[in-house]
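All remarks here apply to the structure that follows.
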Amino acid sequence: MSRALRVVLAEDGVLLREGLVGLLARFGHEVVAAVGDASALRESVSAYAPDLVVTDVRMPPGFQDEGLRAALALREKNPSLPVLVLSQYVQRAYAAELLDTGDGTGVGYLLKDRIGQVEQFAEAVERVAAGGTVVDPEVVRQLLRRRRDPLAALTPREREVLGLVAEGKSNGAIARELVVTEAAVGKHIGNILGKLNLPPAEDTHRRVLAVLTYLRG
């Protein structure tokens with residue numbers, strides 16, 4: 001772990017909320033506020049200026065997308081605020097909306113089922129807090145099945161690489177997973193950015209643009 005984080009947590013389910021508090025504490029992080037609705041989320045962020053916000057999508061009073069809307073409003077006010085959104089179901093539009101805030105960095109969208117994979121969840125928390133972008137692998141898999149243009153020009157390997165980029169993996173991690181060199185991964189990413197009509201330079205912002213293109217199809 002790179003550093004201890006001060007976290008504001010918003011989850012209306014008491015058991016899951018307390019479980020997340022304990023899980024984050026296990027990895028050395030401090031939950032400075034654990035709340036159950038979107039209004040309290042906004043107030044807590046204003047009061048505590050946390051390093052990271054973790055919030056459910058559906059919250060009182062309507063149990064629609066109040067948590068997501070609060071997260072988007074917080075990011076509009078402070079584009080550098082890292083936000084990790086948790087969802088019960090795959091909604092790729094939610095991930096796209098998050099990536100549209102700020103410069104698209106420091107955001108994550110995970111299914112709640114991912115919390116059970118403790119190490120991966122902890123890694124996602126720290127990656128988002130450090131300015132990374134994380135999209136749930138299940139969202140990526142569904143997009144692979146459904147996406148057409150503008151991804152039609154990508155080769156199967158390039159789509160695979162872009163999917164791993166969307167999950168927030170570094171070039172080194174992608175290289176290890178695909179059992180190729182980092183140079184090969186860099187070449188694939190360069191080709192992807194070119195085919196998506198994005199500048200070929202490989203920096204964080206352009207990777208986010210590529211992922212956003214991937215989400216929107």
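Side chains are part of it too, since the values below use all heavy atoms of this structure and drop only hydrogens, waters and symmetry mates.
A 6.0 Å sphere centred on OH of Tyr48 holds no more than 12 heavy atoms belonging to other residues, nucleotides or ligands.
Judged by distance alone, the side chain of Asp136 and the main-chain N or O of Leu111 form a donor-acceptor pair under 3.5 Å. Although no hydrogens or angles enter the test, the distance criterion places a donor-acceptor pair under 3.5 Å between the side chain of Glu11 and the main chain of Gly13.
Taking every heavy atom of both residues into account, Ala4 and Asp51 meet most closely at O-OD2, 4.2 Å. Summarising the geometry of Val83 relative to Leu52, their closest heavy-atom pair is N-CD1, 4.2 Å, with the distance given to 0.1 Å. When all heavy atoms of Gly106 and Thr133 are compared, the pair lying nearest together is N-OG1, 4.3 Å. Smallest separation of non-hydrogen atoms from Ala34 and Val21: CB-CG2, 4.0 Å.
Scored by the salt bridge (Lys or Arg N to Asp or Glu O under 4.0 Å) test, Glu158 finds Lys195 as partners (sequence neighbours excluded). For Ala10, the side-chain contact (heavy atoms from CB on, under 4.5 Å) partners at least two apart in sequence or on another chain are Val35, Leu41, Thr55, Met59.
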CA sep, side-chain torsions, deciding dist, call: Asp56, Arg17, salt bridge (charged side-chain N to carboxylate O under 4.0 Å, His left out): CA-CA 10 Å; Asp56 188 9; Arg17 185 167 70 235; over 6 Å; no

Test salt bridge (charged side-chain N to carboxylate O under 4.0 Å, His left out) applied to Arg69 and Glu66, step by step: CA-CA 5 Å; Arg69 294 300 150 202; Glu66 288 88 346; over 6 Å; no

Check against side chain to side chain contact (heavy atoms under 4.5 Å, CB included), Leu84 and Phe121: CA-CA 10 Å; Leu84 175 59; Phe121 176 71; 4.0 Å; yes

Step-by-step side chain to side chain contact (heavy atoms under 4.5 Å, CB included) determination, Gln88 to Arg58: CA-CA 9 Å; Gln88 190 70 41; Arg58 297 183 177 186; over 6 Å; no

Verdict with supporting geometry, Arg114 and Val134, side chain to side chain contact (heavy atoms under 4.5 Å, CB included): CA-CA 12 Å; Arg114 205 66 54 193; Val134 176; over 6 Å; no

His188/Ile174 under side chain to side chain contact (heavy atoms under 4.5 Å, CB included): CA gap, chis, key distance, verdict: CA-CA 11 Å; His188 284 310; Ile174 294 171; over 6 Å; no

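Between Val118 and Phe27, some side-chain heavy-atom pair lies under the 4.5 Å cut-off. In this structure the side chain of Asp37 never reaches within 4.5 angstrom of the side chain of Asp12, judged on heavy atoms. In this structure the side chain of Leu20 reaches within 4.5 angstrom of the side chain of Leu86, judged on heavy atoms. Inter-residue side-chain proximity for Leu16 and Lys112 is flagged as met; some heavy-atom pair is nearer than 4.5 Å. Within the 4.5 Å cutoff, the side chain of Val125 has no heavy atoms near those of the Val7 side chain.
With rounding to the nearest 0.5 angstrom, the CD1 atom of Ile189 is 4.0 Å from the CG atom of Asn171. In this structure, CD in Glu160 is found 7.5 Å from CD in Glu177, a value given to the nearest 0.5 Å.
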Scan the side chains in residues 71-82 for donor-acceptor partners under 3.5 Å anywhere in the protein, sequence neighbours excluded, and list what turns up.
{"residue": "Arg75", "atom": "NE", "partner": "Thr101", "partner atom": "OG1", "Å": "2.9"}
{"residue": "Arg75", "atom": "NH1", "partner": "Pro79", "partner atom": "O", "Å": "3.0"}
{"residue": "Arg75", "atom": "NH1", "partner": "Leu81", "partner atom": "O", "Å": "3.0"}
{"residue": "Arg75", "atom": "NH1", "partner": "Thr105", "partner atom": "O", "Å": "3.0"}
{"residue": "Arg75", "atom": "NH2", "partner": "Thr101", "partner atom": "O", "Å": "3.0"}
{"residue": "Arg75", "atom": "NH2", "partner": "Thr101", "partner atom": "OG1", "Å": "3.3"}
{"residue": "Arg75", "atom": "NH2", "partner": "Thr105", "partner atom": "O", "Å": "2.9"}
{"residue": "Asn78", "atom": "OD1", "partner": "Ser80", "partner atom": "N", "Å": "3.3"}
{"residue": "Asn78", "atom": "OD1", "partner": "Ser80", "partner atom": "OG", "Å": "2.9"}

